[in-house]
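Atom set for the values below is all heavy atoms of this structure, side chains included, hydrogens, waters and symmetry mates excluded.
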Amino acid sequence: MLENTRCQGHARPPEAGRTAVCHATGGVDSPIVGDTMVGGVPDEDAVLLSIGELAARTGLSVKLIRHWSDIGVVPPASRSAAGYRRYDTRAVARLELARTLRELGLGMAAIRDVLDGEHSVAEVAALHADALAVQIRALRVQRAVLRSVADRGSTTEELAVMTKLARLSAAQRTAIIHQFVSDVLGDLNVPGYREDLLAATPDLPDEPTDEQVDAWLELADLLDDPELRTAMRRMAEYAARHAPGRHDDHEVRAVQQVTDFWVRRVTEAIDAGIPADSPLADSIVTDIVGAWLPTQPGSDLRDRGDGEHARSRLLEQLEIAADTRAERYWQLLCIINGAAVRPSLAPAGQWLMTALRANPAPRVRAASIDAALGEATQPDPVGVLNAYARVLAEVDTIVATVTADRFDDPTPCADWNVRALLNHLVYENLMWTSLANGNPRTDFTADHLGDEHVAAFRASAQGALTAFRRPGMLTQRYGPAPGWRLVEQVVIEMLVHGWDLAKATGRPTDLAPDIAATTLATVHKIYGELPRTPGGSFAPTQPVPDRASTTDRLAAYLGRNVDWTPHD
């Protein structure tokens, strides 16, 4: 207890006390020179340190302290009789501050000014922050250029050009856009279109992001693309024919609202699985034309209403505007200027253009299909049902060989892997069953496969067979078509998508050759007039070698490449 009391009463442990006594004697190792006690208390200002002791206190190297001492950052307080530097305790504080400022990136001259009181820390910090901002901007530009060069695999010459472009001033960037507009438009009388182009200039901020710098480099490169110039010129010529004048804010907002409307309606149709070249697209086209007509100049077009003339004019507008380079031009300007970038309109635009081509006037496509499906009678409706059962059995054999580790493999349908293709096969059976039962499904995007793909396919096939075998179904009328026409359609689906699955999994593709031959003739009759453009149900017909099977020829007619392999 007494020992604890004694220890707690000391300000420092006994070892420290002994050291203090040793120092007080002025021995050889003592850093204290002269009178070191004032009223029994050590005088800190009188304590002088060697350069080694100063290094030990601050953690800095002797070499660095000597250098900083030589340039006046921490001058010695005196020198010993032998000429060695001696520093007072204020040198410790100077070194600590100098180290902090140096770690922040300040130069030694600025540090010396702070330490000598010529400038405050706040003043020097503000100046240094401004200098750093300039350096950071330059470094960001350099980094963006280097990343762009790496991504593009640019040559030495391209690197030099890109570096120069990245360093252009705002006035120089604007001049490049103005020259581009002048070259494209020439003497066309389109003041509204010209003003819109000139008003949209690339305005890089003082501290651009990597994305903004890269967007400017891409835009500068795009401006030299002759196909962009051709596309922009084509748009200007259309404007000169139909809307040469200036556009007020009301007109611009109206056009934007119509664009938002048709993109929304088309996106809903795509999500619902409505083919652009089907009669179901006709009502969507009617809605869009009705919203678009009031925004068009010329009362003659508006007065005629929805019809062949209006639809052809809308299709012309979409085809002229559907250049991906022109769309990218505006997207890049938005990125550079920090504005919101609209998602690409290309998928919706392709769907709408295909819908207009397939439905050039109200009810035209529906009338064509009604005529094709209702013009002939099937001498053997049961034969169509038997053909479906045979095709199902052959497709079932392929489905049963697919294992889950193949689900991510590619297929001839570019947007579908093996699992998505299996899901679609199941959906086709379910969808045509629902039509036969008078209760059409709308869950196009749902997962119909579950965890057991073979069981799911077989259940959907059995459900379809049961629905199609219902007494009277084959001769029952579904609109203009008899029931066996529904079965005929699902035969087409099973043959073509079964071919896709066989190709994707390395199985033979010659499914039911005799049925495929009959089906090919039917497909020519029903789908022969469909537009083979992006957004449609089928790609353009592909060539087939002489060795091709009938099923290969059916697949090729509906846009498949018969030489496709999973490695393409």
- Message: Given 3.5 Å as the limit, does a donor-acceptor pair link the side chain of R325 with the main chain of L222, or not?
- Response: no

- Message: Run L332 and W216 through side-chain contact (heavy atoms from CB on, under 4.5 Å) and show every step you take.
- Response: CA-CA 7 Å; L332 291 170; W216 161 242; over 6 Å; no

- Message: Walk me through whether E493 and W432 qualify under side-chain hydrogen bond (donor to acceptor under 3.5 Å, both in side chains).
- Response: CA-CA 10 Å; E493 294 290 344; W432 289 101; 5.1 Å; no

- Query: Does Q542 use its side chain to pair, donor to acceptor, with the backbone of P540 at less than 3.5 Å?
  - Reply: yes

- Query: With side chains defined as the heavy atoms from C-beta onward, is the minimum distance between W262 and R265 less than 4.5 Å?
  - Reply: no

- Message: Within the 4.5 Å heavy-atom criterion, are N429 and F457 side-chain neighbours or not?
- Response: yes

- Task: Kindly indicate whether the side chain of L435, heavy atoms from C-beta on, has any atom under 4.5 Å from the side chain of Q489.
- Result: no

- Query: Salt bridge check: are R485 and E488 linked by an N-O gap of less than 4.0 Å?
  - Reply: yes

- Message: One pair to check against side-chain contact (heavy atoms from CB on, under 4.5 Å): H497 and L421. What are the steps and the verdict?
- Response: CA-CA 7 Å; H497 291 304; L421 179 56; 3.9 Å; yes

- Those residues at least two apart in sequence (or on a different chain) that pass side-chain hydrogen bond (donor to acceptor under 3.5 Å, both in side chains) with E319 are R357

- Output field: ring centroids Y193/Y238 closer than 6.0 Å: no

- Value for CG (L501) from OG1 (T401), rounded to nearest 0.5 Å, stands at 7.0 Å

- Message: Quick one, P412 and N561 - any side-chain contact, counting heavy atoms below 4.5 Å?
- Response: no

- Task: Taking atom CG of D451 as the centre, report whether more than 12 heavy atoms of other residues, nucleotides or ligands fall under 6.0 Å from it.
- Result: no

- Would you confirm whether E327, through its side chain, and S344, through its main-chain N or O, come within 3.5 Å as a donor-acceptor pair? no

- Message: Looking at every heavy atom in both A502 and I398, which two are closest together, and how far apart are they?
- Response: CB-CD1, 3.8 Å

- Stepwise side-chain contact (heavy atoms from CB on, under 4.5 Å) test for L228 and F180: CA-CA 11 Å; L228 171 68; F180 168 76; 3.9 Å; yes

- Query: Backbone N or O of W416 within a donor-acceptor pair of the T411 side chain at under 3.5 Å?
  - Reply: yes

- Message: Classify the ring geometry of F407 against H453: parallel below 30°, tilted from 30° to 60°, perpendicular beyond 60°.
- Response: perpendicular

- Closest heavy-atom pair, R233 versus L185, reported as atoms and distance to 0.1 Å, is NH1-O, 2.9 Å

- Query: Can you find a pair of side-chain heavy atoms, one from R342 and one from T259, that are under 4.5 Å apart?
  - Reply: yes

- CD1 (I336) and CD (E218) are apart, to the nearest 0.5 Å, by 9.0 Å

- Message: side-chain contact (heavy atoms from CB on, under 4.5 Å), that's the test. Do R560 and C413 meet it? Break it down for me.
- Response: CA-CA 8 Å; R560 270 65 170 179; C413 299; 3.7 Å; yes

- Message: Tell me whether D563 is salt-bridged to R547, with the criterion being a basic N under 4.0 Å from an acidic carboxylate O.
- Response: yes

- Message: With rounding to the nearest 0.5 angstrom, report the CG to CG distance, L345 to L318.
- Response: 10.0 Å

- Would a distance-only check, ignoring hydrogens and angles, find a side-chain to backbone donor-acceptor pair under 3.5 Å from N337 to L333? yes

- Item | Salt-bridge criterion met for E529 and R365 (N-O under 4.0 Å) | no

- Non-neighbouring partners of T541 that pass side-chain hydrogen bond (donor to acceptor under 3.5 Å, both in side chains), sequence neighbours left out: R532

- With sequence neighbours excluded, residues passing side-chain hydrogen bond (donor to acceptor under 3.5 Å, both in side chains) with T433: none

- Message: Show me the pairs that pass salt bridge (charged side-chain N to carboxylate O under 4.0 Å, His left out) and involve residues 408-430, at least two apart or across chains.
- Response: R406-D409, R419-D447

- With no hydrogens and no angle check, is any side-chain donor or acceptor of T509 less than 3.5 Å from a backbone partner on W499? no

- Query: Are side-chain heavy atoms of H524 and L520 found at a separation under 4.5 Å?
  - Reply: yes

- Under the 3.5 angstrom rule, does the side chain of E394 hit a backbone N or O of A512 as a donor-acceptor pair? yes

- Message: I need the I284 CD1 to I274 CD1 distance, nearest 0.5 Å.
- Response: 4.0 Å

- Task: Please examine the side chains of R328 and L219, heavy atoms only from C-beta on, and report whether any two atoms are closer than 4.5 Å.
- Result: no

- Nearest heavy-atom contact between L356 and R311 is CD2-CB, 3.8 Å

- Query: Taking atom types as modelled, is there a side-chain donor on S549 or D510 under 3.5 Å from an acceptor on the other?
  - Reply: no

- Message: Nearest 0.5 Å, please: how far is CD1 in I515 from OG1 in T522?
- Response: 12.0 Å

- Query: Donor-acceptor pair, D323 side chain versus A326 backbone, under 3.5 Å?
  - Reply: yes

- Task: Examine distances only and state if a side-chain atom of D277 and a backbone atom of L530 form a donor-acceptor pair shorter than 3.5 Å.
- Result: no

- Item | Atom of K503, atom of V562 and distance for their closest heavy-atom approach | NZ-O, 2.6 Å

- Message: For the backbone of R363 and the side chain of D282, can you confirm whether one donor and one acceptor N or O come within less than 3.5 Å of each other?
- Response: yes

- Item | Separation between CG of D203 and CD of Q212, rounded to the nearest 0.5 Å | 9.5 Å

- Item | ring pair (Phe, Tyr, Trp, His ring centres under 6.0 Å) involving Y427 - partner list, sequence neighbours excluded | F444, H448

- Message: Could you check whether any side-chain heavy atom of I177 comes within less than 4.5 Å of a side-chain heavy atom of L223, counting everything from C-beta outward?
- Response: yes

- Can you list the residues that meet the salt bridge (Lys or Arg N to Asp or Glu O under 4.0 Å) rule with E308, with sequence neighbours excluded? none

- Message: Restricting to non-hydrogen atoms, name the atom on I270 and the atom on A348 that form the minimum distance, rounded to 0.1 Å.
- Response: CD1-CA, 4.5 Å

- Message: Show the nearest heavy-atom pair for residues N423 and A446, with the distance to one decimal.
- Response: ND2-O, 3.3 Å

